[in-house]
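This report refers to the structure that appears directly beneath it.
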Amino acid sequence: MSITLPDGITAIALADDYPALQIETADCSATLALNGAHLTHWQPSHTDRPVIYLSPTAILQQGKAIRGGVPLCWPWFNAHPTDPGSHPSHGVARIERWDLVSATVEDGSAIIELELKASPGIEAHVPFPFQLKALFNLGQTCSIVLETTNLAKENIAVGGALHSYFSLSHIDNATVTGLQHTPYLDTAARPEKSAVQTEGELRFQAETDRIYYGSDLPARIHDAEWKRSIVVEKAGSLTSVVWNPWIEKAASLGDLPDADYQRFLCIEAANARHDTRILAPGSTHRLETRFIVENLS
Ligand code: TA6
């Protein structure tokens, strides 16, 4: 890394040729891999357990997606919209090496900017010139911004998600509020089906893969065992994704222990499906999320 790091931020390697930043400040501990600009750990000082889930069998290899953390899905969400067989699921940003632009510590928070530069490997999947930045503010709260600027002379379509994995005591102890009365697409159903969530508290008893539409409300994960809530805020997004693979899908994932579906829940600020954004030449879109942990008495 060519920039000078401040006290509280250290360059480390999570594996061979796998650089990362280790953040240890008054307000939090965090780890940020340059592959994918991928936050793999965040724990504010007022909670005694990690907030972000990371699979113990995550693959830490350049070019591979990390199971867990906060994958940056860009410039499409899930399968490529027109040619899924030729392009990686959830886009290229999460599997490419990002450049560190700046890293500072201010009032106990680490403020870090990374940029993804175009390359022949990226251009094979992303047919337009762009500027893509990832901005992290890691302290008592965690803020992540994925900022796309259209450098082309024509409109571009940009989708994606901040695919956040949250650590749980056990999925049976977790409920999610903030999505009541919100329409969603159940993408785990065959065929997919539309519905509206009626219950105030969402609980989990099966594979759950939902794209909630029209909601820019925060969602809140309640963990009764760990006596804490995680508030997930967002901006620049009108689709929220809630995902837990459950037993069968978890067993099919080689980078996730079979039983670890019990240990996490994804709540994602997304630009999925019809919420894909059309950017005019020179315009910028910011997809944002913010995590706040509240200890319950
Ligand atoms: O965000 C939910 C989802 O789209 C699920 O359908 C599942 O595919 C998940 O993302 C994980 O995708 P990945 O490519 O990381 O295995």
Side-chain angles (χ1 to χ4, degrees), residues 36 38 40 49-61 63-73 76-81 83-91 94-95 159-179 182-199 201-213 215 219 221-226 230 232 239-270 272-273:
H38 198 122
T40 60
R49 293 182 177 87
V51 178
I52 300 296
Y53 169 83
L54 180 69
S55 169
T57 54
I59 299 169
L60 300 180
Q61 284 175 20
K64 296 276 189 188
I66 299 172
R67 179 67 59 198
V70 182
L72 304 182
C73 302
W76 59 82
F77 175 78
N78 200 293
H80 185 277
D83 186 3
S86 304
H87 304 286
S89 178
H90 286 313
R94 67 173 183 168
I95 56 177
L162 304 177
H163 197 299
S164 310
Y165 286 69
F166 295 100
S167 190
L168 303 175
S169 59
H170 194 285
I171 190 71
D172 291 349
N173 300 329
T175 57
V176 173
T177 56
L179 294 168
T182 306
Y184 66 90
L185 181 66
D186 179 352
T187 63
R190 292 295 175 268
E192 295 181 342
K193 63 182 180 185
S194 296
V196 176
Q197 178 167 317
T198 52
E199 63 269 36
E201 282 189 344
L202 179 60
R203 297 178 180 278
F204 302 87
Q205 288 99 18
E207 180 184 357
T208 305
D209 199 349
R210 298 180 175 186
I211 302 175
Y212 286 84
Y213 287 95
S215 162
I221 305 171
H222 304 260
D223 189 322
E225 175 72 21
W226 284 356
I230 303 170
V232 184
T239 42
S240 300
V241 179
V242 176
W243 178 60
N244 183 282
W246 214 248
I247 300 167
E248 189 176 340
K249 176 115 189 213
S252 74
L253 298 173
D255 54 359
L256 181 74
D258 291 359
D260 265 31
Y261 73 92
Q262 301 170 42
R263 301 283 174 236
F264 76 87
L265 178 66
C266 288
I267 294 190
E268 309 160 31
R273 304 287 181 102

**Fill in**
Taken in chain and number order and not counting sequence neighbours, the residues that satisfy ring-ring contact (aromatic ring centres under 6.0 Å, His included) with H222 are none

**Partners meeting ring-ring contact (aromatic ring centres under 6.0 Å, His included) with Y53 (sequence neighbours left out)** = F264

**Ionic contact status for E192 with R273, cut-off 4.0 Å** = yes

**Request:** Give the intermediate values and the outcome of side-chain contact (heavy atoms from CB on, under 4.5 Å) for residues N173 and W226.
**Result:** CA-CA 9 Å; N173 300 329; W226 284 356; over 6 Å; no

Is there a donor-acceptor pair under 3.5 Å between the side chain of [X] and the backbone N or O of [Y]?
X	Y	answer
E199	E201	no
T239	A270	yes
R263	S169	yes

In Å, rounded to the nearest 0.5 Å, how long is the span from [atom1] of [X] to [atom2] of [Y]?
X	Y	atom1	atom2	answer
H90	F77	NE2	CZ	5.0 Å
I171	D260	CD1	CG	11.5 Å
H163	W243	NE2	CH2	5.5 Å
L179	Y212	CG	OH	5.0 Å
I230	S167	CD1	OG	7.5 Å
D209	D186	CG	CG	7.5 Å

